[in-house]
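Heads up, the thing below is written out as structure tokens.
No hydrogens, no waters, no symmetry mates; every other heavy atom, side chains included, goes into these values.
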Amino acid sequence: MKRVREVIVVEGRYDRNALRQVVDATVVETCGFGVFRDRERLALLRRLGRERGLILLTDSDGAGFVIRNFLRGAIPGQQLKQAYIPDVPGKERRKAAPGREGKLGVEGMPPQVLLEALERAGATFEGEEGAAEDRRPVTKADFYALGLTGGPDSASRRAALLRRLDLPERMTANALLEAVNILYTREEFMNLCENWEPFS
């Protein structure tokens, strides 16, 4: 399975699941139009764009292009690659009826079509020698053990960590966990905490 350096941005979890069958990549959802109101998610996408670059892969219907155009205006162009799927009539297996425009979305595309869309967008495919990298995620149990949740001073510890990682101060514990797992390997994050005064 090819590894993609950039973070792939899709609309929802079924799209995310489809991409994970095709490439080894970090895939982040916009939660449909939810990204319009979710400042934390938008801030995370901007940070990921700066650090790794983004590939935007939305459905080919009108809603997909509304999301695409919103993100195109919110993220600098040099950090954002555009991947497009073809217009294919049909409906996804899990749905009782086709969408309003009667087109298959990202989740309904064959794997080869998704791979070709990423290739055409200029995705950076990395060698597979690095597969031994620690891919285990940081978990909620880790956060608890570090005092980031479930303790009397957990909120202040999270606030300090958000400042240290240069993340938005209003991020929830769940959003922080998601960001940590995208931006760091488990080993990198644990080393950061081990060598940092609030956790020692």
Side-chain angles (χ1 to χ4, degrees), residues 1-128 131 135 137 174-175 177-183:
M1 189 178 287
K2 292 186 175 183
R3 179 178 296 173
V4 178
R5 182 185 188 280
E6 294 90 352
V7 174
I8 304 172
V9 182
V10 297
E11 293 180 48
R13 64 189 171 110
Y14 293 103
D15 303 329
R16 186 173 183 235
N17 292 343
L19 260 295
R20 291 228 163 131
Q21 306 300 314
V22 178
V23 288
D24 179 4
T26 301
V27 185
V28 177
E29 304 163 33
T30 68
C31 300
F33 293 150
V35 73
F36 298 172
R37 301 178 306 279
D38 190 338
R39 291 183 182 176
E40 290 179 357
R41 186 158 298 269
L42 189 55
L44 178 59
L45 289 173
R46 286 178 172 142
R47 169 100 181 253
L48 293 172
R50 285 194 305 272
E51 297 193 6
R52 288 178 47 191
L54 303 176
I55 298 175
L56 186 53
L57 182 60
T58 62
D59 293 349
S60 59
D61 60 7
F65 274 84
V66 169
I67 294 167
R68 188 182 290 275
N69 290 333
F70 171 78
L71 291 175
R72 186 183 279 142
I75 294 166
Q78 68 272 21
Q79 298 170 5
L80 190 61
K81 295 177 180 178
Q82 302 284 344
Y84 296 93
I85 58 170
D87 282 343
V88 177
K91 74 169 187 69
E92 284 79 15
R93 269 181 270 169
R94 70 180 178 88
K95 295 181 179 175
R100 187 181 304 166
E101 296 179 31
K103 299 175 182 176
L104 285 177
V106 169
E107 68 169 284
M109 289 290 135
Q112 189 57 36
V113 171
L114 294 175
L115 190 56
E116 287 168 3
L118 295 173
E119 288 170 347
R120 283 195 305 272
T124 306
F125 293 103
E126 299 179 342
E128 295 178 18
R135 305 288 288 181
N174 285 339
L177 182 63
E178 180 185 23
V180 162
N181 276 311
I182 291 171
L183 295 166

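- Side-chain contact between M109 and V88 is present, with at least one heavy-atom pair separated by less than 4.5 Å.
- Rounding to the nearest 0.5 Å gives a distance of 14.0 Å between CZ of R47 and CD1 of I75.
- The aromatic rings of F70 and F36 sit tilted, their planes meeting at an angle between 30° and 60°.
- To the nearest 0.5 angstrom, D24 atom CG is 11.5 Å from L19 atom CG.
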Derivation of the side-chain contact (heavy atoms from CB on, under 4.5 Å) call for L48 and T26:
CA-CA 10 Å; L48 293 172; T26 301; 5.7 Å; no
Kindly determine whether V9 and I67 satisfy side-chain contact (heavy atoms from CB on, under 4.5 Å), including the steps that lead there.
CA-CA 11 Å; V9 182; I67 294 167; over 6 Å; no
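- Here OH of Y84 is found 8.0 Å from OG1 of T58. Values are rounded to the nearest 0.5 Å.
- Side-chain polar atoms of N17 and R20 form no donor-acceptor pair below 3.5 angstrom.
- Nearest heavy atom pair, residue V4 against residue A25, reads CB-CB, 3.9 Å.
- Shortest non-hydrogen contact noted between P86 and S60 is O-OG, 3.8 Å.
- Summarising the geometry, atom CG belonging to L71 is positioned 5.5 Å from atom CG belonging to L56; distances are rounded to the nearest 0.5 Å.
- Within the model, atoms CZ of R46 and CZ of R50 stand 9.0 Å from one another, a figure rounded to the nearest 0.5 Å.
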Trace of the side-chain contact (heavy atoms from CB on, under 4.5 Å) decision for T124 with K81
CA-CA 11 Å; T124 306; K81 295 177 180 178; 3.7 Å; yes
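- Taking both residues in full, the closest heavy atoms of M1 and V22 are given as CG-O, 3.5 Å, listed atom of the first, atom of the second, then distance.
- Taking the side chain as every heavy atom from C-beta outward, E92 and Y14 never approach each other to under 4.5 Å.
- Between L115 and Q112 there is a side-chain heavy-atom pair separated by less than 4.5 Å.
- Remark: R13 CZ is loosely packed, at most 12 non-hydrogen atoms of other residues, nucleotides or ligands lying under 6.0 Å away.
- E51 places no side-chain N or O within 3.5 Å of a backbone atom of L183 that could act as its donor or acceptor partner.
- Panel note: side chain R52, backbone I182; a donor-acceptor pair is recorded below 3.5 Å.
- Residues V106 and D59 share a closest heavy-atom pair of N-OD1, 2.8 Å.
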Is there a side-chain contact (heavy atoms from CB on, under 4.5 Å) between E178 and E40? Walk through the geometry before answering.
CA-CA 11 Å; E178 180 185 23; E40 290 179 357; over 6 Å; no
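- Environment of CZ in R93: sparse, with no more than 12 heavy atoms of neighbouring residues, nucleotides or ligands closer than 6.0 Å.
- Side chain of Q21 to main chain of P111: no donor-acceptor pair is present (N/O by atom type, distance under 3.5 Å, no hydrogens or angles).
- Proximity of a side-chain donor or acceptor of E29 to a complementary backbone N or O of R16 within less than 3.5 Å is not detected.
- Atoms CD1 and CD, on I55 and E6 in that order, are 4.0 Å from each other to the nearest 0.5 Å.
- Residues L42 and A74 approach most closely at CD1-CB, 4.0 Å, considering heavy atoms.
- Here the side chains of L114 and V23 are not in contact, with every heavy-atom distance at 4.5 Å or above.
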